[in-house]
Amino acid sequence: MNIILFGPPGAGKGTQAKYLVKKLNNFQISTGELLRDEIKNNTEIGKIITEDMNNGKFINDEIVNNLIENIIFDPNKKSRLIFDGYPRSISQAKNLDLLLANSNQKIDFIFFLNVNKETIIERIEKRKILEHRTDDATNTILKRYDTYMQTTKPVLEFYSKNPNFKEIDGSEKIDQITRKIDILLNV
Ligand code: AMP
């Protein structure tokens with residue numbers, strides 16, 4: 001089963017992705033984590049993206065699209081993918097459709113974790129203390145939210161027509177969200 005977790009930064013996509021990975025024995029594709037690894041490993045891509053990442057800006061589609069391509073075509077991971085933080089633009093959504101079609105796969109569910117700005121700021125303030133992410137400064141959080149609203153909202157409209165699109169109240173507790181996902185998956 002391939003699942004897209006969709007929602008603003010701090011909506012709990014990463015937490016639910018990790019739950020689904022365990023439950024379904026799937027693999028998480030977190031473009032945020034892949035990009036942070038590039039920076040940590042000081043790769044050529046890492047050097048190019050550091051400034052934009054720290055400023056809460058989106059990384060260009062070509063870089064992100066290239067990062068996920070090998071994972072999608074990995075036969076061990078076929079139809080066992082949990083997308084966390086991808087796609088984030090219409091161009092990425094169209095690219096994903098193409099890659100999945102070319103590898104004979106489909107999207108089974110799109111879970112939209114819907115959360116308001118106040119809850120997100122509260123949550124990321126907490127995460128800042130726990131995880132020390134350099135892009136979690138309050139200013140950056142607000143920029144990331146605004147970037148999300150501008151660029152990702154059209155993706156929401158793109159997917160909301162899909163019969164497998166399910167909106168979930170992301171301001172609820174982690175366990176409650178997990179329970180709702182379980183019910184929708186019916187597995
Ligand atoms: P995340 O861990 O998903 O919150 O992503 C952290 C940061 O990585 C974002 O603020 C962007 O700078 C970058 N990023 C992650 N995923 C994408 C994506 N699909 N497209 C562009 N930039 C991304």
Side-chain angles (χ1 to χ4, degrees), residues 2-21 26-72 81-100 107 110-117 119-159 170 174 177:
N2 289 326
I3 297 171
I4 295 177
L5 289 165
F6 197 75
K13 301 185 294 291
T15 306
Q16 299 302 332
K18 288 188 171 66
Y19 167 77
L20 287 167
V21 161
N26 274 25
F27 298 88
Q28 181 180 5
I29 299 196
S30 159
T31 42
E33 275 179 24
L34 292 171
L35 292 165
R36 280 189 290 280
D37 283 347
E38 295 289 330
I39 294 177
K40 223 190 305 163
N41 298 330
N42 204 22
T43 63
E44 284 311 306
I45 291 175
K47 287 176 201 153
I48 298 169
I49 64 174
T50 303
E51 201 184 321
D52 281 346
M53 285 282 281
N54 286 340
N55 286 321
K57 287 190 191 154
F58 274 13
I59 305 309
N60 93 45
D61 288 333
E62 205 185 328
I63 291 179
V64 184
N65 288 342
N66 281 339
L67 281 178
I68 65 153
E69 189 162 340
N70 285 344
I71 306 174
I72 291 181
L81 300 170
I82 309 292
F83 293 92
D84 161 17
Y86 184 96
R88 258 166 151 117
S89 65
I90 290 284
S91 137
Q92 290 180 12
K94 289 186 176 157
N95 177 67
L96 179 62
D97 274 357
L98 199 72
L99 293 176
L100 290 176
I107 298 162
I110 302 144
F111 293 130
F112 171 42
L113 305 183
N114 195 3
V115 190
N116 63 34
K117 196 171 181 171
T119 311
I120 287 164
I121 293 172
E122 231 172 77
R123 281 187 188 168
I124 299 192
E125 288 290 334
K126 280 190 200 148
R127 184 167 78 187
K128 194 162 69 180
I129 299 163
L130 295 171
E131 292 181 20
H132 305 289
R133 270 177 55 170
T134 50
D135 62 346
D136 273 350
T138 308
N139 259 350
T140 313
I141 294 167
L142 297 176
K143 273 192 218 149
R144 286 169 65 206
Y145 187 85
D146 292 340
T147 310
Y148 166 81
M149 288 312 256
Q150 284 161 17
T151 320
T152 313
K153 254 197 146 176
V155 186
L156 189 62
E157 279 146 31
F158 177 85
Y159 282 130
I174 291 173
I177 298 173

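Atoms within a ligand are numbered from 1 in the order they appear, just like the ligands themselves. This chain uses plain numbering: 1 for the first residue, then up along the sequence.
For ligand 1, the atoms closer than 4.0 angstrom to any heavy atom of V64 are 18 (C), 19 (N), 20 (N), 21 (C).
Geometrically, ligand 1 and P87 share no nitrogen or oxygen pair separated by less than 3.5 Å. In terms of polar-atom proximity, defined here as any N/O pair under 3.5 Å, S30 makes no such contact with ligand 1. Here's the thing with K57: one of its N/O atoms is less than 3.5 angstrom from an N/O atom of ligand 1. Here's the thing with R144: one of its N/O atoms is less than 3.5 angstrom from an N/O atom of ligand 1. The shortest N or O to N or O distance between E33 and ligand 1 is not under 3.5 Å. Any N or O atom pair closer than 3.5 Å counts here, and I59 shares at least one such pair with ligand 1. Below 3.5 Å of separation, one finds no N or O of Y86 facing any N or O of ligand 1.
A salt bridge does not link K143 with D146: none of the charged nitrogens is closer than 4.0 Å to a carboxylate oxygen.
Between Y148 and F6, the two ring planes are tilted [angle within 30° to 60°].
By the 4.0 Å heavy-atom criterion, K13 is excluded from the residues contacting ligand 1.
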| said: Apply side-chain contact (heavy atoms from CB on, under 4.5 Å) to residues I63 and L35 and explain how you reach the verdict. | reply: CA-CA 9 Å; I63 291 179; L35 292 165; 4.3 Å; yes
